Amino acid sequence: HLIVCSQKDLIDPVHRMINNIISYSYSNLMIPMAASVGGWVNHPLKISESFKEANIISKYHYFLPDALILHGEHYLQRDRSGQKLDDAYLDRFLAALKMKDRRKVKEEIHRFVAELKHGPYNAEYAHEKIMDMIYLHYSFVKELNYSTRDIFSDSVLYDFYHFHHIDQFKQWIENTTLMTLDYIEEKQKEKLKEIVEKVKQHIEDHLDGDLFLDAVAQLVGLSPRYFSRIFKMQTGENFSDYVTERRLKRSADMIRKFDWSIETISQQVGYQNPAYFTKKFKDYFKVTPTQYRNQHTYCADSIADQEFDR
């Protein structure tokens with residue numbers, strides 16, 4: 001603590017002296033310093049009042065880390081302020097999180113921090129708002145049935161308790177929200193992959209039945225339109241094209257292995273109309289089912305003859 005006595009309440013010399021001390025401390029000891037200055041008093045017994053003001057003003061170094069010296073009545077007025085932050089700041093932040101809009105999330109964090117830095121909010125209230133933002137983030141994660149400990153390392157959670165100023169908080173909340181969105185995106189990709197794999201297995205098990213888009217989408221609890229989109233995203237094929245391909249490939253496999261009639265095979269893969277089955281088969285393999293059987297029977301006989309000759 002430094003007490004300055006002067007016959008005139010000139011603040012500039014005091015600031016120069018403090019700047020010299022700060023500069024010396026950093027250049028020689030590598031210790032960063034900042035100062036808060038209380039008001040002038042005209043009696044030694046009132047020095048405690050100035051000291052109290054300096055302590056009050058010092059709370060705002062957290063919000064103004066670039067200011068090496070804080071001094072002035074406006075900080076004391078700010079500390080007495082009962083001004084409340086517009087709810088829209090946090091509402092927009094939460095909305096951006098729910099939309100998973102990284103650019104918007106970052107933009108709302110910057111807007112929120114700038115308002116707390118320069119707005120007329122006392123320090124205690126501003127710290128409460130910071131905790132409110134953190135809680136919104138935490139609640140967003142919990143509502144999705146994830147745990148913050150699954151997303152963040154212990155070092156990230158440790159940093160939460162060691163902010164020295166609001167810019168560190170800003171960087172931390174930016175990093176953690178972006179990490180959260182990355183984690184959610186990866187988990188959703190895994191879930192969508194599991195859904196598509198489940199559907200593909202269902203298709204394999206029910207090639208002889210009805211495999212309508214609406215029914216399969218309902219099976220996995222998704223709307224037909226959304227399911228159709230994610231199926232194509234995961235497989236690169238339309239759902240109906242995929243089902244058709246699997247039916248035709250299964251039928252080709254059965255034609256090679258069994259001497260069943262084409263009508264029986266067509267029913268085994270979900271085609272009740274043999275003529276329509278034959279058309280679809282020829283569109284895909286460029287030959288009719290009977291021609292396909294003959295080709296593969298000939299190939300099998302040729303291989304058998306070669307083996308016999310040996």
Side-chain angles (χ1 to χ4, degrees), residues 62-63 65 85-117 126-203 213 216-239 242:
Y62 182 91
F63 299 97
L85 181 72
D86 191 331
D87 291 341
Y89 285 93
L90 292 177
D91 290 345
R92 288 194 300 262
F93 168 71
L94 182 58
L97 270 181
K98 290 182 175 180
M99 290 188 295
K100 301 177 181 64
D101 186 333
R102 289 167 171 77
R103 182 192 63 79
K104 190 68 174 174
V105 166
K106 188 173 181 179
E107 182 181 299
E108 294 305 330
I109 290 172
H110 283 222
R111 184 179 286 132
F112 172 80
V113 168
E115 180 64 14
L116 289 189
K117 276 186 171 185
H127 281 292
E128 288 177 12
K129 293 292 104 180
I130 287 173
M131 294 304 298
D132 285 348
M133 175 171 273
I134 293 171
Y135 182 73
L136 280 179
H137 178 207
Y138 171 79
S139 298
F140 168 73
V141 172
K142 295 298 287 184
E143 285 176 6
L144 296 173
N145 295 317
Y146 298 127
S147 168
T148 53
R149 291 199 170 273
D150 293 334
I151 303 174
F152 311 128
S153 65
D154 289 340
S155 62
V156 173
L157 298 174
Y158 172 85
D159 290 342
F160 168 74
Y161 297 101
H162 295 84
F163 303 142
H164 296 295
H165 54 74
I166 198 169
D167 288 341
Q168 291 177 341
F169 160 74
K170 180 177 73 172
Q171 189 62 54
W172 183 87
I173 195 70
E174 278 184 28
N175 291 342
T176 54
T177 50
L178 295 180
M179 288 168 62
T180 297
L181 296 180
D182 288 342
Y183 180 87
I184 291 171
E185 182 177 309
E186 187 60 33
K187 286 297 180 182
Q188 288 179 336
K189 285 181 180 178
E190 291 175 7
K191 185 177 180 180
L192 294 179
K193 184 177 180 181
E194 289 174 4
I195 288 172
V196 169
E197 289 303 316
K198 179 181 178 180
V199 167
K200 288 166 74 174
Q201 187 59 55
H202 177 79
I203 291 169
L213 175 64
V216 174
Q218 186 176 12
L219 175 71
V220 292
L222 299 175
S223 71
R225 183 176 181 181
Y226 180 59
F227 169 71
S228 179
R229 184 160 62 88
I230 68 167
F231 189 89
K232 185 170 185 179
M233 181 177 67
Q234 291 288 321
T235 65
E237 297 182 74
N238 291 324
F239 174 76
Y242 179 86

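Please read all numbers here as calculations on a predicted model, not as lab measurements. One is the number of the first residue; the rest follow in order along the sequence. All values below come from the heavy atoms of this structure, side chains included, with hydrogens, waters and symmetry mates left out.
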Atom NZ of residue position Lys232 - does it have more than 12 heavy atoms of other residues, nucleotides or ligands inside 6.0 Å?
no

Note: Glu185-Lys189 ion pair, threshold 4.0 Å (strictly below)
yes

Assess whether side-chain contact (heavy atoms from CB on, under 4.5 Å) is satisfied between Arg102 and Asp182, documenting all intermediate values.
CA-CA 10 Å; Arg102 289 167 171 77; Asp182 288 342; 2.6 Å; yes

Flag the pair Ile173 / Phe112 as yes when at least one side-chain heavy-atom distance between them is below 4.5 Å, and no otherwise.
no

Using a strict cut-off of less than 4.0 Å between a Lys/Arg side-chain nitrogen and an Asp/Glu carboxylate oxygen, indicate whether Lys198 and Glu194 qualify as a salt bridge.
no

Evaluate the side-chain proximity of Lys187 to Leu144: yes if any heavy-atom separation is below 4.5 Å, no if none is.
no

How about CD on Gln218, more than 12 heavy atoms from neighbouring residues, nucleotides or ligands closer than 6.0 Å, or not?
no

Quiz item: cation-pi between Arg92 and Tyr89, 6.0 Å / 45°
yes

Pick one: which of Leu136, Asp132, Ile130 meets side-chain contact (heavy atoms from CB on, under 4.5 Å) with Ile134?
Ile130

With a 4.5 Å limit on heavy-atom distance, are the side chains of Val105 and Lys100 in contact?
no

Strictly distance-based, threshold 3.5 Å: is any side-chain N or O of Ser228 a donor or acceptor partner for the main-chain N or O of Arg225?
no

Could you grab the distance from atom CG of Asp159 to atom OG of Ser153, nearest 0.5 Å is fine?
8.0 Å

Shortest non-hydrogen separation from Phe63 to Leu116 and the atoms involved
CD2-O, 4.0 Å

Would you call Lys200-Glu197 a salt bridge at under 4.0 Å N-O?
yes

Decide whether Asp167 and Gln171 meet the rule of one side-chain donor and one side-chain acceptor closer than 3.5 Å.
no

Nearest 0.5 angstrom please: Arg229 CZ to Ser223 OG, how far?
8.5 Å

Gap between atom OG1 of Thr148 and atom NE2 of His137 - 0.5 Å precision:
8.5 Å

Counterpart residues, ring-ring contact (aromatic ring centres under 6.0 Å, His included), relative to Tyr242 (two or more places apart)
Phe231

Could you tell me whether the side chain of Leu94 reaches within less than 4.5 Å of the side chain of Glu108, counting heavy atoms only?
no

Closest heavy-atom pair, Phe152 versus Thr176, reported as atoms and distance to 0.1 Å, is CE2-O, 3.4 Å

Out of curiosity, Phe93 CZ to Lys104 NZ, how far, rounded to the nearest 0.5 Å?
13.0 Å

Met179 vs Val156 side-chain heavy atoms within contact, under 4.5 Å
yes

Which distance, rounded to the nearest 0.5 Å, do you find between the CD1 of Ile195 and the CD1 of Ile230?
5.0 Å

Taking all atoms of both residues into account, what is the closest heavy-atom pair of Leu181 and Leu97, and its distance?
CD2-O, 4.0 Å

Got a sec: does the CZ of Phe160 have more than 12 other heavy atoms crowding it under 6.0 Å?
yes

What is the minimum heavy-atom distance between Pro224 and Ala217, and which atoms define it?
CA-CB, 3.7 Å

Is the closest basic N to carboxylate O distance between Lys170 and Glu174 below 4.0 Å?
no

Does Tyr146 have its ring centroid less than 6.0 Å away from the ring centroid of Tyr183?
yes

Find the distance between NZ (Lys117) and CD (Glu115) and round it off to the nearest 0.5 Å.
12.5 Å

Evaluate the criterion salt bridge (Lys or Arg N to Asp or Glu O under 4.0 Å) for residue pair Glu190 and Lys193; output intermediate values, then yes/no.
CA-CA 5 Å; Glu190 291 175 7; Lys193 184 177 180 181; over 6 Å; no

Phe239 and Val199, any side-chain heavy atoms less than 4.5 Å apart:
yes

Taking every heavy atom of Pro65 against every heavy atom of Ile166, the minimum-distance pair comes out as CD-CG2, 4.4 Å

Between Phe169 and Phe163, what is the ring plane arrangement, given parallel below 30°, perpendicular above 60°, and tilted in between?
perpendicular

